[in-house]
Amino acid sequence: MTEPNFYHDDSVIQSILREQLPENLYQYADQALTEFGERVATDIDERAAHTDRTGQPQLIKYDKWGNDVSRIWVNEGYKQTVDETYRTGIVGYVHKPIPELGQPGNYAYSFAQGYLLSQSEPGFYCPVTLTQATAYLLDHYADDHVRERFLPHVLATGDTELYEGATFLTERQGGSDVGANVVEAVQEGDHYRITGEKYFASNAGMCGVAMVLARIEGAESGTKGLSLFCVPWEENREAGQLSVRRLKDKLGVRAVPSAEVEFDGVTAYLVGDASQGFKYMMEALNLSRVCNTVASLGIMRRAYREARDYAFSREAFGGRLVDYPMVQETLVNLAVKWEVEMRASFEMIQLFDRVMPKGCEPSEHDQAMLRLYIALLKKETADQSIAFAHEAIEMHGGNGYIEDFVTPRLLRDAQVLTVWEGTANILGLEVLRLMKKYRVHEAFLREMSERLTAMTGKVAEIAEPVVNAVEQLRAKLGTLAERDESLMLKYPKQITDDMTRIYEAVVALEAVDDARSLAVAEVYVHNTFQPEDVTDLHLRHFETIVGE
């Protein structure tokens with residue numbers, strides 16, 4: 001019996017990378033991901049279960065003399081996962097050359113690694129995400145002194161001491177309302193002193209540096225008065241200038257220590273223009289939202305895999321579960337939704353790779369469309385990760401509710417993804433802002449119409465309901481534009497859902513190049529736009545889409 005391998009067993013991610021990566025990077029990534037996929041499916045998966053059940057991070061608040069040391073303990077297996085994962089270059093090779101190639105990788109390769117990791121340990125993918133965001137901010141906006149001091153450690157791949165990253169935004173009185181932040185920074189020579197509390201600080205105690213929003217004394221209120229700072233963790237902890245009040249007792253993703261942190265005059269270094277701190281952090285937030293999407297895809301894949309494998313192996317009532325039509329329909333629906341969201345998300349990641357690298361000068365159109373697609377897919381994949389975990393539990397029956405199986409952890413870990421980096425309401429408001437500022441809905445409708453018009457033959461026939469959906473959305477938006485602006489605030493989630501369904505359908509239809517991809521597109525369009533129609537579509541396509 002061969003060892004499980006989350007990459008080798010996944011033809012969809014392999015085909016996506018083969019299409020998107022340059023040939024030399026694909027050859028490297030294919031080998032590296034084969035090795036990483038085996039570790040994630042075996043050793044890292046076992047460690048994740050241990051961390052979740054009995055090896056969760058612990059706060060060591062005081063030493064034996066009663067001194068506040070605010071150290072975070074993590075188990076040895078978790079430390080090994082940290083070391084193995086960063087050595088793959090999941091963060092580092094976005095910004096520095098891969099030694100074997102003499103050139104950097106890209107975000108698509110990094111997100112493929114994150115997708116595999118999230119199938120076993122989405123909790124740890126949170127610190128990886130925060131480290132990616134920290135690397136982005138330091139590389140793009142820190143001055144030479146700060147960049148040279150910290151960035152090599154944040155990008156470490158075993159060549160130097162690793163500094164994981166963190167981004168501390170949330171304060172108790174504000175939450176998602178970041179403009180309400182009150183943590184204050186006071187200049188002292190070439191650095192600043194920051195005082196105040198950050199209420200939901202993930203990767204606290206594990207990070208080497210934290211990127212922190214604070215208000216320089218005398219700065220204006222709201223988000224415009226926030227500046228971005230780099231805060232070294234360990235030197236400030238040892239100096240007694242920061243402390244961890246407590247760790248959050250979370251429903252899931254228990255691998256990442258999330259804390260309430262108090263700053264008492266910590267040493268901090270200004271990053272970039274003092275008036276642009278919120279803007280910088282929102283760029284990093286968009287990166288984190290893509291990571292959130294990738295984590296959701298990983299949980300969806302693992303949930304589908306667990307449901308499929310159980311259905312093929314479990315015998316009940318004189319036959320295998322998979323022999324029952326309702327089970328076949330469930331598996332087809334899971335496979336189709338996951339595959340289409342994979343392709344849509346990695347198409348968005350292609351645009352991300354064009355817009356985000358240092359030195360790029362993207363058009364306003366590309367930036368706006370990227371923000372739109374990120375908002376759409378972050379919301380949809382997060383919702384679907386919960387739905388997929390639920391379906392996997394139901395497929396297992398009573399076993400699915402038992403912690404000996406991975407399914408309860410998938411559900412607990414999935415639930416946070418609808419909250420991290422923006423709830424559905426916050427993302428809906430982001431879409432409305434983009435519509436108002438950039439008329440992004442007009443560009444979206446125009447692009448979808450052009451792509452649908454280019455379709456021919458059987459694909460064009462299947463696409464008819466999608467064409468109708470585009471016109472219905474156009475009419476809806478026109479009606480809302482004529483009404484009081486407050487009415488628009490009632491519909492952001494509905495508009496977001498309409499756009500997502502259309503976008504994913506277009507991606508699925510454009511991906512058709514054989515009988516299987518045609519079946520996937522046909523089922524997706526049916527499920528999304530004609531769910532009331534009675535059909536044997538799922539049963540006819542079961543062997544093609546799911547098979548053994």
Pair R39, F36 - check side-chain contact (heavy atoms from CB on, under 4.5 Å), show working.
CA-CA 5 Å; R39 289 205 302 277; F36 190 53; 3.5 Å; yes
Donor-acceptor pair, R53 side chain versus E403 backbone, under 3.5 Å?
yes
Neighbour count >12 (heavy atoms, 6.0 Å) for atom NZ, K476:
yes
Any chance the side chains of T88 and Q113 put a donor and an acceptor closer than 3.5 Å?
yes
Backbone N or O of Q56 within a donor-acceptor pair of the T51 side chain at under 3.5 Å?
no
Please name the residue in the list K198, R172, R246 that meets the salt bridge (Lys or Arg N to Asp or Glu O under 4.0 Å) test with E260.
R246
Checking D159 against K96 for the salt bridge (charged side-chain N to carboxylate O under 4.0 Å, His left out) test, could you report, in this order, the C-alpha distance in whole Å, the side-chain angles of both residues, the deciding distance, and whether it holds?
CA-CA 12 Å; D159 49 344; K96 69 180 186 180; 2.9 Å; yes
Atom pair CZ (F444) and CG (L376), whose distance is rounded to the nearest 0.5 Å
6.5 Å
Do you know which two heavy atoms are closest between Q241 and V266, and how far apart they sit?
O-CG1, 3.0 Å
Is any side-chain heavy atom of Y62 closer than 4.5 Å to one of N67?
no
Just by modelled atom types, is the L351 backbone N or O under 3.5 Å from a matching donor or acceptor in the D366 side chain?
no
Expected output: side-chain D52 to main-chain A48 donor-acceptor under 3.5 Å
no
Answer yes when R47 and E84 have at least one side-chain N-carboxylate O distance shorter than 4.0 Å, and no when they do not.
yes
So which atom in F6 and which in V40 form the shortest heavy-atom distance, rounded to 0.1 Å?
CD1-CG1, 3.6 Å
Answer with yes or no whether the side chains of T157 and R87 bring together a donor and an acceptor at under 3.5 Å.
no
Indicate yes or no: at least one non-hydrogen side-chain atom of C360 is less than 4.5 angstrom from one of V355.
no
Between the main-chain N or O of V253 and the side-chain N or O of D413, is there a donor-acceptor pair closer than 3.5 Å?
yes
Checking side-chain contact (heavy atoms from CB on, under 4.5 Å) for the pair D143/R147: CA distance, chi angles, key distance, verdict?
CA-CA 6 Å; D143 63 31; R147 185 188 304 111; over 6 Å; no
Main-chain N/O of E380 paired to Q384 side chain as donor or acceptor, under 3.5 Å
no
Pair Q80-E76, side-chain hydrogen bond (donor to acceptor under 3.5 Å, both in side chains): steps then yes or no:
CA-CA 6 Å; Q80 191 171 350; E76 291 302 314; over 6 Å; no
If we ignore hydrogens and angles and just use 3.5 Å, is the side chain of N181 paired with the main-chain N or O of V183 as donor and acceptor?
no
Walk me through it: do Q132 and S110 pass the test side-chain hydrogen bond (donor to acceptor under 3.5 Å, both in side chains)?
CA-CA 10 Å; Q132 280 194 312; S110 173; 2.6 Å; yes
Looking just at side-chain N and O atoms, do D68 and S70 make a donor-acceptor pair shorter than 3.5 Å?
yes
Pick from N292, T293, D497: which one makes a side-chain hydrogen bond (donor to acceptor under 3.5 Å, both in side chains) with K379?
D497
NZ/NE/NH1/NH2 to OD/OE distance under 4.0 Å, E171 and R215:
no
Salt-bridge present (E347, R343; N to O < 4.0 Å):
no
Sequence neighbours excluded - salt bridge (Lys or Arg N to Asp or Glu O under 4.0 Å) pairs with any residue from residues 178-193
E188-R193
Any non-hydrogen side-chain atom of L473 less than 4.5 Å from a side-chain atom of M499?
yes
Worked verdict on R446 versus E442 for salt bridge (charged side-chain N to carboxylate O under 4.0 Å, His left out):
CA-CA 6 Å; R446 183 169 58 252; E442 296 175 359; 5.4 Å; no
Tell me whether K358 forms a cation-pi arrangement with Y141, defined as NZ or CZ under 6.0 Å from the six-membered ring centre and within 45 degrees of its axis.
no
Atom pair CG (L287) and CZ (F111), whose distance is rounded to the nearest 0.5 Å:
5.0 Å
No-hydrogen, no-angle side-chain donor-acceptor test under 3.5 Å, E234 and Y163:
no
Taking T85 for the side chain and V82 for the main chain, is one N or O donor matched with an acceptor at less than 3.5 Å?
no
Got a donor-acceptor contact below 3.5 angstrom from the S385 side chain to the A382 backbone?
yes
Looking at E283 and K279, does any basic side-chain N land under 4.0 Å from a carboxylate oxygen?
yes
For G277 against L213, the heavy-atom pair lying closest together
O-CD2, 3.6 Å
For the backbone of L417 and the side chain of K378, can you confirm whether one donor and one acceptor N or O come within less than 3.5 Å of each other?
yes
Would you say the side chains of T418 and D383 form a donor-acceptor pair under 3.5 Å?
no
Hey, do the aromatic rings of Y109 and Y93 have their centres closer than 6.0 Å?
no
Can the ring centroids of Y192 and F229 be said to lie less than 6.0 angstrom from one another?
yes
Evaluate the criterion salt bridge (charged side-chain N to carboxylate O under 4.0 Å, His left out) for residue pair R245 and E262; output intermediate values, then yes/no.
CA-CA 7 Å; R245 181 188 298 142; E262 296 174 322; 2.8 Å; yes
Using every non-hydrogen atom in the two residues, find where G298 and Q119 come nearest and quote the distance to one decimal.
O-CG, 3.2 Å
What are the two closest non-hydrogen atoms of T195 and D264, and how far apart are they?
OG1-C, 4.2 Å
Scan side-chain atoms only and decide if R433 and Y438 contain a donor-acceptor pair under the 3.5 Å cut-off.
no
If you look at every heavy atom in L247 and A259, which pair is closest and at what distance?
CD2-CB, 3.7 Å
Rounded to the nearest 0.5 Å, the OG atom of S275 sits from the CG atom of L226 at a distance of 11.0 Å
Which distance, rounded to the nearest 0.5 Å, do you find between the OG of S120 and the CD1 of I44?
7.0 Å
First locate atom OG of S243, then atom CG of N236, and finally report the distance between them rounded to the nearest 0.5 Å.
11.5 Å
Any ion pair linking D45 and R302 (charged N to carboxylate O, less than 4.0 Å)?
yes
Decide yes or no on side-chain contact (heavy atoms from CB on, under 4.5 Å) for T423 and L427, but give the supporting numbers first.
CA-CA 6 Å; T423 63; L427 294 166; over 6 Å; no
Any chance you could lay out the side-chain contact (heavy atoms from CB on, under 4.5 Å) test for W233 and V209, step after step, and finish with the verdict?
CA-CA 5 Å; W233 181 274; V209 291; over 6 Å; no
Do F200 and F168 come close enough that some side-chain heavy atom pair is under 4.5 Å?
no
In Å and rounded to the nearest 0.5 Å, what is the CE to CG distance from M348 to L377?
5.0 Å
Hey, is CG on D249 packed in by over 12 heavy atoms from elsewhere, all under 6.0 Å?
no
